[in-house]
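Okay, so here's the structure we're looking at.
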Amino acid sequence: MKKRGSDVWEAGAAYERYMGRWSRPVAEDFTAWLNCADGLRCVDVGCGTGVLSAVVAARRRPRQMVGIDRSEGFVGSARTTAPVSTHFIVADAMSLPVRAEACDLVISGLALNFFAVPTAAVAEMTRVVRPGGLIAAYVWDYADGMGFVRRFWDAVIEVDPSAAALDEGRRFRVCRPERLRAVWADVGLVDVSTASIEVPTVFADFADLWEPFLAGQGPAPSYLATLTPAERGRVRDALSSAAPRGLDGSIALTARAWMVKGRKAFHTEAR
């Protein structure tokens, strides 16, 4: 049995069904919001299965695209679907294998919440960007904007109040715009702005909502993997009771992400 509070990110296919299908449209909106030039040298930090790297490669035609993630399983998945011009590396966000000021754009999709020290991770991203370059990221709003995850933890806490500390809305402090702005400002970035994206998450039926939680990828499924079958059954029943079903049995929810971007100051702009 896995230890409570240990987040698992290993299997690309399982992640795709749990979260990847919803992160794809967010990556499209984020890439449009960047409003950056084509032909840049780009690094994707915490690239996961390569969703954001693929969208940026298709929409912005970077001169160079490098995706970095510490999960060998995710990087393996990314390599099977990415354009041949995109390179993926297994490495830690806290120590990027990129020389200082070597790129024009650093992006990070849905990863910042999972870095042990988000400010240190963004400082490392800033190190590898040239002066005037852009650092941008987006995160799920686990506090109250991620509908199916929010309902999952509400069901868990109804069954087991002691699990409240594992709730992603409580654990992840940078899932709100004011916190993202503060992190970007703390590392000296300028022209900082934030915006939200909201996408529909429509499940065909309750099984379509529930079964991805059984795959063990991410905090909520990792928690579920620690439970006995009887305990999982009680969580399932609580979630089923709270899920808003349409006449056809579908469950229509929404998911919100917050975006942030800022520019590395030139020396004359430094504080």
Side-chain angles (χ1 to χ4, degrees), residues 7-34 36 40-99 102-118 120-129 133-140 172 174-175 180 183 197 199 217-219 255 257-261:
D7 303 335
V8 176
W9 301 107
E10 296 173 345
Y15 172 83
E16 283 298 310
R17 189 175 179 200
Y18 173 54
M19 199 66 76
R21 54 179 167 166
W22 315 121
S23 63
R24 220 167 286 278
V26 177
E28 293 279 358
D29 287 352
F30 172 76
T31 301
W33 181 72
L34 282 178
C36 61
L40 300 179
R41 298 164 299 172
C42 181
V43 174
D44 181 2
V45 179
C47 65
T49 58
V51 169
L52 179 57
S53 294
V55 172
V56 171
R59 301 287 180 265
R60 296 268 58 100
R61 299 186 296 278
R63 185 196 331 171
Q64 182 181 49
M65 169 64 77
V66 177
I68 297 172
D69 199 283
R70 66 182 179 181
S71 167
E72 293 185 9
F74 277 8
V75 167
S77 294
R79 285 171 176 159
T80 65
T81 59
V84 293
S85 59
T86 302
H87 304 283
F88 291 98
I89 301 170
V90 177
D92 195 313
M94 300 299 178
S95 183
L96 298 173
V98 181
R99 70 179 187 277
C103 61
D104 308 295
L105 171 67
V106 174
I107 53 177
S108 183
L110 307 178
L112 195 63
N113 280 315
F114 300 97
F115 298 148
V117 185
V122 178
E124 177 66 354
M125 296 178 201
T126 302
R127 177 187 68 81
V128 305
V129 173
L134 196 66
I135 299 94
Y138 57 98
V139 296
W140 289 126
F172 300 136
V174 294
C175 68
L180 290 169
V183 170
I197 312 169
V199 297
Q217 300 300 299
W258 288 103
M259 307 180 289
V260 61
K261 62 183 176 181

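What you see is a predicted model; the values in this text were computed from it and never measured.
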How many angstroms lie between CZ in Phe172 and CG in Leu112, if you round to the nearest 0.5 Å?
10.5 Å
Hey, are the side chains of Leu34 and Ile107 touching, using non-hydrogen atoms and a 4.5 Å cut-off?
yes
Would you say the side-chain atoms of Glu124 pair up with the backbone N or O of Leu96, donor to acceptor, closer than 3.5 Å?
yes
Drop me the distance from Arg59's CZ to Arg61's CZ, to the nearest 0.5 angstrom.
10.5 Å
Counting only N and O atoms by type, is there a donor-acceptor contact under 3.5 Å from the side chain of Ser108 to the main-chain atoms of Val45?
yes
Determine, stepwise, if the pair Phe115 / Val174 fulfils side chain to side chain contact (heavy atoms under 4.5 Å, CB included).
CA-CA 10 Å; Phe115 298 148; Val174 294; over 6 Å; no
Spacing of CE belonging to Met125 relative to CG belonging to Leu105, to within rounding of 0.5 Å
11.5 Å
Partner set under side chain to side chain donor-acceptor pair (under 3.5 Å) for Asp104, not counting sequence neighbours:
Arg41, Arg130
Would you please test Val139 and Leu180 for side chain to side chain contact (heavy atoms under 4.5 Å, CB included) and show each step?
CA-CA 9 Å; Val139 296; Leu180 290 169; 4.0 Å; yes
Quickly, which of Val43, Leu134, Val66 forms a side chain to side chain contact (heavy atoms under 4.5 Å, CB included) with Cys103? Name it, please.
Val43
Hits for side chain to side chain donor-acceptor pair (under 3.5 Å) against Trp258, two or more places apart or cross-chain, chain-then-number order -> Asp141
Less than 4.5 Å apart, any side-chain heavy atom of Leu110 and any of Trp140?
yes
Looking at Ile197, Val55, Leu52, which one forms a side chain to side chain contact (heavy atoms under 4.5 Å, CB included) with Glu28?
Val55
Of all the heavy-atom pairs spanning Cys42 and Pro62, show the shortest one and how long it is.
CB-CB, 4.4 Å
Partner residues of Pro97 under the side chain to side chain contact (heavy atoms under 4.5 Å, CB included) criterion, sequence neighbours left out:
Ile68, Ile89, Ala91
Do Arg60 and Leu40 touch side chain to side chain, with heavy atoms closer than 4.5 Å?
no
With a 4.5 Å limit on heavy-atom distance, are the side chains of Val260 and Val183 in contact?
no
Met65 CE to Phe88 CZ distance, which is reported to the nearest 0.5 Å
8.0 Å
Can any side-chain N or O of Asp69 pair as donor or acceptor with the backbone N or O of Val75 at less than 3.5 Å?
no
Nearest non-hydrogen partners of Gly67 and Ser53, listed with the distance
CA-OG, 4.3 Å
To the nearest 0.5 angstrom, please state how far the CE atom of Met94 sits from the CZ atom of Arg70.
8.0 Å
Taking the inter-plane angle between the rings of Tyr138 and Phe30 on a 0 to 90° scale, is it parallel (under 30°), tilted (30 to 60°) or perpendicular (over 60°)?
tilted
